Novice: 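What follows is a structure written as structure tokens; I'll ask about it next.
Chain A is the first sequence line, chain B the second, and so forth, proteins listed ahead of strands; every chain is numbered from 1. Quick note: numbers below take in every heavy atom, side chains included, and nothing from hydrogens, waters or symmetry partners. In this text the structure is predicted, and so the values were computed from the model without any measurement.
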There are 2 protein chains.
Amino acid sequence: MSASQIQMDPALPPRESWADINDDCPIFQSLGVLSTRSAFLVLREAFYGATRFDQFAQRADISEPVAAARLKELTEAGLLEKHPYREPGQRTRNEYVLTDKGADLLPTLLALFRWGERWVFGDGIRADIAHASCGASVDAVVTCEHGHRVPPGELRFRRNPARAS
Amino acid sequence: MSASQIQMDPALPPRESWADINDDCPIFQSLGVLSTRSAFLVLREAFYGATRFDQFAQRADISEPVAAARLKELTEAGLLEKHPYREPGQRTRNEYVLTDKGADLLPTLLALFRWGERWVFGDGIRADIAHASCGASVDAVVTCEHGHRVPPGELRFRRNPARAS
DNA sequence: CGGCATCCTTAGGGATACTG
DNA sequence: CAGTATCCCTAAGGATGCCG
């Protein structure tokens with residue numbers, strides 16, 4: 001067992017025998033909404049401030065039909081909300097804004113962002129996301145509820161646990 | 001501007017005018033390897049301890065051709081390494097093990113795992129990943145290099161920064 | 001401006017069968 | 001056991017055009 005693997009609770013049966021291996025997996029369920037490239041890109045633009053149809057299509061560099069499909073799916077899945085609004089003197093527009101559910105994907109997107117910087121761009125960093133009030137770069141850090149930074153190799157998978165509160 | 005959006009460095013031009021908006025984006029580049037559901041599932045199983053072809057196909061619940069395609073792509077992309085090995089008295093087998101590059105996706109997978117638990121399963125938690133030495137649940141927490149836990153709304157996007165070290 | 005309808009091409013992925 | 005080959009179906013996504 002390598003140090004990068006997650007330890008399995010010794011009380012668990014071998015994984016091959018698990019029923020509903022994907023139905024019970026939160027990663028698999030998350031992929032139900034997030035399995036396409038364009039979904040990630042639309043969410044990226046939502047975090048970067050896009051709110052209108054055109055902005056999503058243009059900034060994510062996807063076609064309008066794809067933007068329409070993604071915005072609809074993400075809205076139906078509850079990650080975005082569609083708000084009609086009207087600026088004074090303008091006609092009614094729609095804006096798409098992140099819900100709490102959508103906004104909670106920030107750590108996922110940030111983790112992906114950082115991974116790409118480290119392993120695709122290497123030292124040729126092109127962009128950065130920082131803590132506005134102190135200026136230091138941010139990352140998604142594996143941390144336990146007791147505040148410990150947890151190295152890979154100290155992770156253990158459990159089923160139906162009593163959550164540590 | 002909502003609290004869930006990432007602030008843009010005021011010195012930056014409007015995003016619509018950026019050239020190579022995707023070429024320079026680490027998220028987009030990461031999606032080059034990770035845009036399919038099966039790629040996430042194969043990596044999930046690698047973290048859960050799978051090393052052999054059969055294990056990946058069976059535990060991820062994907063067909064053999066798909067498993068073969070994903071293992072090949074992930075190996076070529078440097079996330080997995082294929083090692084021939086031989087147990088005493090057995091014939092030669094291949095095992096696929098996470099490289100440092102692949103293992104570094106753990107925060108991403110963990111963030112997705114936690115998101116699914118919170119928003120798909122809600123309170124009906126089915127599984128948990130914990131800090132083995134203290135028992136507390138772990139999560140991918142947005143943290144800056146100075147150790148601050150950074151709330152959404154305090155994030156700022158910069159281009160070509162001098163990294164805070 | 002903010003979409004949707006249509007058409008087309010490519011990619012993802014299952015089933016089955018076969019091979020070293 | 002560890003794949004590959006073939007076939008087929010569906011999903012992703014671009015291009016174009018239309019429409020309120």
Novice: Check the distance between C:dG12's C1' and B:Leu41's CG and give it to me in whole angstrom.
Specialist: 13 Å

Novice: Ignoring hydrogens and angles, write down the donor-acceptor pairs under 3.5 Å from the side chains of residues 61-68 of chain B, residues two or more places apart or on other chains.
Specialist:
none

Novice: Treat primed atoms plus P, OP1 and OP2 as sugar-phosphate and everything else as base, then score nucleotides 13-20 of chain D 5' to 3': B for base contact with protein heavy atoms under 4.0 Å, S for sugar-phosphate contact only, - for none.
Specialist: SBBB----

Novice: Check each of A:Ile6, A:Leu31, A:Asn22 against B:Arg44 using the side chain to side chain contact (heavy atoms under 4.5 Å, CB included) test, and report the only one that passes.
Specialist: A:Asn22

Novice: Any side-chain heavy atom of A:Asp9 within less than 4.5 Å of one from A:Arg159?
Specialist: no

Novice: A:Asp54 CG to C:dC4 C1': how many Å, rounded?
Specialist: 14 Å

Novice: Once you round it to whole Å, what is the distance between P of C:dG2 and CG of A:Leu80?
Specialist: 15 Å

Novice: For A:Arg93 and C:dG3, give me the distance from atom CZ to atom P, rounded to whole Å.
Specialist: 11 Å

Novice: Return the value, rounded to whole Å, for the distance between atom CG of A:Leu31 and atom C1' of D:dA11.
Specialist: 15 Å

Novice: Measuring to OP1 and OP2 of C:dC1, would you say a side-chain N or O of A:Arg52 lies under 4.0 angstrom away?
Specialist: no

Novice: Taking CZ from A:Phe56 and P from C:dG2, how many angstroms apart are they, rounded to a whole number?
Specialist: 11 Å

Novice: Where do B:His131 and B:Val138 come nearest, in terms of heavy atoms and distance?
Specialist: N-CG1, 3.6 Å

Novice: Could you check, using the six-membered ring where one of them is a Trp, whether A:Phe157 and A:Trp18 have ring centers closer than 6.0 angstrom?
Specialist: yes

Novice: Rounded off to whole Å, could you give me the CD-to-P distance for the A:Gln58 and C:dC1 pair?
Specialist: 10 Å

Novice: A:Arg59 CZ to C:dG2 P: how many Å, rounded?
Specialist: 12 Å

Novice: Any side-chain heavy atom of B:Gln5 within less than 4.5 Å of one from A:Thr51?
Specialist: yes

Novice: Given axes from five pairs at either end, by how many degrees does the helix from C:dC1-D:dG20 to C:dG20-D:dC1 bend, rounded to 10°?
Specialist: 40°

Novice: So what does A:Lys82 hit on the nucleic acid, given a heavy-atom distance under 4.0 Å: a base, only sugar-phosphate, or nothing?
Specialist: sugar-phosphate

Novice: Would you say the side-chain atoms of A:Ser38 and A:Arg70 include a donor-acceptor pair closer than 3.5 Å?
Specialist: yes

Novice: With the side chain counted from C-beta on, respond yes when A:Arg149 and A:Val141 share a heavy-atom pair under 4.5 Å apart, and no when they do not.
Specialist: yes

Novice: Go through it in stages, so that I can follow the logic: the residues are B:Arg15 and B:Ile21, the test is side chain to side chain contact (heavy atoms under 4.5 Å, CB included), and I'd like the CA-CA distance, side-chain angles, deciding distance and then a yes or no.
Specialist: CA-CA 8 Å; B:Arg15 185 151 171 83; B:Ile21 202 162; 3.6 Å; yes

